[in-house]
Every structure is written in structure tokens, then in C-alpha cells.
Amino acid sequence: MPDLNMDNTLILHGLAPMNWALAGGILGLVTLLLLWLTNTRLGVSSTYEDFCAIASRRPYFTRPAIKGSGGWRLWFAAGLVLGGVLSAALAGGWAPITDLGMWDTVIAGGPVLKTLWLFGGGLLIGFGTRLANGCTSGHGIFGLSNFEPASIVAVAMFMGAGFVTTNLVYRLIFQ
Amino acid sequence: MRSDAARRVLFVLLGLAFGFALSRSGAGDYDFVQGMFLLTNFQLFGIIGGGVVVTAIGLQVLKRTGRTIHGESITIRAKVLNRGTVVGSLLFGAGWSFTGMCPGPVLVNLGEGKVYALAVLAGVLTGTWLLGAAYDRLQAPMGLPAIEPASVSATAASPASH
């Protein structure tokens, strides 16, 4: 069994993590404020369609759900990036980070393998979330909270696939 | 809607709070995501579960009043279940495992200065573009809805559904 981060610290400056209930509370509160203040349903994966819509004229990317949404997701996305910047800056200073935790100690590939591995994973995320019409936010937080059948199925599928993939990688192939 | 500028600032601030919580809680951390799938670290189950409980309770309250702060009627369009939901989520789950990031944390990790998140971002954008390019061919086999035609007045369109 490889070292599975039993010290329970973040890659970011080796911080101890925020209390899970506090973090969950913030995520829930933001989701509710988005709906109450702006009549907007939380969902992050469609943000990448806004990015594609900047360069593509395909009907899929120019449909009203994207082009007619006023571009709110791009502002929310800017906030997500700033949240990361602020978190790093307050934790001990912003600096480029190349550590990938267990991947570096167990899989221990070079920069080329790391880049290809992460790009490949990103392909699956982009293609998969848009095929499924949602991700951990739109299906996972909003859809589950709203007891939507599609979201219950989606969460079962992506949690199951993640469980199988990680266990194959870290308990079978690389160990 | 109130002034566009105020609305944009609000979206940025809400995103910032969301992103900060993702960053500090471990929800955007490669090791914490692997720990969740290995069942050696239960932090992320707590975060997602906590978020769902808070949101579910709040949704009940908001549905009872049925109005936003500005008095607009709250519209929630439930997502549609089709074969794409199953296949897409399976692909996404594998991608989440490979990268330790879901779509929100990709952006948060970029903000934190994690250089390798650029490779994930490039992959996500390429994957999204590929789905858009293949949508017509996937529509029948995956049971996906037809693409809505571009609206006549894009600015007056209803709020986004996802």
C-alpha cells in the first residue's frame, strides 16, 4: 500500500483543511444566494461552453442557454480563480506549485507523462460533464438537493467511476 | 435586473467565497480526492453532504416563498435523465479521479498557482469543444434533447438552466 496522504494536509502550503461542515455550509449558502439574489441555478461545467462560445459559431455553443445567459458564469468563474489566489496569498504567499501529492510519490512520472495524464483526464471531464449536462455542482450539489432523478443517477455514476479508477490506479497498477 | 455592474460584482464575490471554500477544504486537492475514492479520507463526503443538506433545506424555504429577493418568480428546471447522463457521468468520474479536480476546482487550482491545472484546463476545453462538435451524432444514440435555436433576443432570454 503506497503512502495515501495519511497526514491529512493540503498540497497548498501543507495546510490543515478547513472544517468540512463549515466548507459544506459555505458551498450551500452560495448556492442558495445565487438562486435567491439572481434566480440562477448553480452549475460550473457549462462555463467551459461559454469559453468555447467565444471562438465557435456552432449551434451547440450559440444556443440560448449559453449565449442568452448574460455571461454570468464567466464572472462566477473569475471569482473561483480569485478565491484560489486569495487562499494561497493568505496561507503564506502566492507562488507557482508543481506538486501533485500522491501522483508524484507513487506514479512518479516525468513532466511529459504528468501533462498528458492531466490533459487526458481533462478531456474526460469536459466531454463527460457536458454529455451528462452537469458536474459535481449542478448535479451533485443543486440537483441532489432538489431530489432530481437525473442528478441522483449522475452522482452514483461519477462517484462509482471515480472509485473504480482511483482504486485501479493506486491499489492495482501502481503500488 | 438591477445594474449590470452590481450583478457582475455579486457573481464574482459569490464565486470567490465558493472558490475559497473549495481551496481550503480539500475539495480541490488531488490527495483529498484520491482519499475519498480510496475510502481513506472522509473529508469530501462531509463537504458534499453538508452542502447538499444546507441547500436542500434552503430550497424548501425558497420554494415555499417562490420569489427571489427582487420579487421575481423562482424558476428551477430539473435536469433531464437520458443515456448521456449515465455515459457522461462515468467518463467524468474517471476524469475526476485522474486529475483530482472537477470543473470548479480546475479554476480554483489555477488561482492557487498550481501550474499543472493548465493541462487539465486545456483538456476540459478540448473535451467540451469535442462534445459540441459531436452533439448531432450523439443526439439519437444518447437520447439527448435537440439544440434550442439561437434566440431572437439573446439578452431577454430566461435564466440559465445549468
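Chain A is the first sequence line, chain B the second, and so forth, proteins listed ahead of strands; every chain is numbered from 1. The model shown is predicted, which means the values in this text are computed figures rather than measured ones.
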Would you check if there is a donor-acceptor pair between the side chains of B:Thr128 and A:Glu49 at a distance under 3.5 Å?
no

Pair B:Ser97-A:Thr165, side-chain donor/acceptor within less than 3.5 Å
no

Where does B:Leu121 contact chain A at under 4.5 Å (heavy atoms): side chain, backbone, both or neither?
side chain

Could you look at B:Leu138 and say if it's the side chain, the backbone, both or neither that has a heavy atom under 4.5 Å from chain A?
side chain

Heavy-atom proximity to chain A below 4.5 Å, by part of B:Leu130
both

Give a yes or no on whether A:Trp117 atom CH2 has more than 12 heavy-atom contacts from other residues, nucleotides or ligands under 6.0 Å away.
yes

Between B:Phe37 and A:Tyr170, ring centroids under 6.0 Å
no

Identify the heavy atoms of A:Thr62 and B:Ala150 that sit nearest to each other, and give their distance.
O-CB, 3.9 Å

Please state whether the side chain, the backbone, both or neither of B:Phe45 comes within less than 4.5 Å of a heavy atom of chain A.
side chain

As an exercise: rank A:Gly160, A:Ser87, A:Ala23 by heavy-atom pairs under 4.5 Å with chain B and give me the winner.
A:Ser87

Quick check on the interface: out of A:Gly138, A:Gly71, A:Gly83, A:Ala16, who has the most heavy-atom pairs with chain B under 4.5 Å?
A:Gly83

Counting heavy-atom pairs under 4.5 Å with chain A, the top scorer among B:Gly28, B:Gly49, B:Gly46 is B:Gly46

Is the NZ or CZ atom of A:Arg58 both under 6.0 Å from the centre of the six-membered ring of B:Trp129 and within 45° of that ring's axis?
yes

B:Ile76 versus chain A, the contacting section by heavy-atom distance below 4.5 Å:
side chain

Chain A contact via B:Val115 - side chain, backbone, both or neither, heavy atoms under 4.5 Å:
both

Chain A contact via B:Ser73 - which portion, at a heavy-atom distance below 4.5 Å:
backbone

Which portion of B:Arg83 sits near chain A, non-hydrogen atoms under 4.5 angstrom
neither

Between B:Leu10 and chain A, with a heavy-atom cut-off of 4.5 Å, which part of the residue counts as in contact: side chain, backbone, both or neither?
side chain

Residue part contacting chain A, namely of B:Leu144, when any heavy atom lies under 4.5 Å:
side chain

Please check if the distance between the ring centroids of A:Tyr60 and B:Tyr135 is under 6.0 Å.
yes

Hey, mind stepping through A:Leu10 and B:Glu112 against side chain to side chain contact (heavy atoms under 4.5 Å, CB included) and telling me if it holds?
CA-CA 12 Å; A:Leu10 302 178; B:Glu112 289 175 352; over 6 Å; no

Please classify the contact of B:Ala27 with chain A as side chain, backbone, both or neither, using a heavy-atom distance under 4.5 Å.
neither

Report the option among A:Thr129, A:Thr47, A:Leu144, A:Leu29 that has the most heavy-atom pairs separated by less than 4.5 Å from atoms of chain B.
A:Thr129

Please find out if less than 6.0 Å separates the ring center of B:Phe92 from that of A:Phe158.
yes

With a 4.5 angstrom heavy-atom cut-off, is it the side chain or the backbone of B:Leu39 that approaches chain A, or both, or neither?
side chain

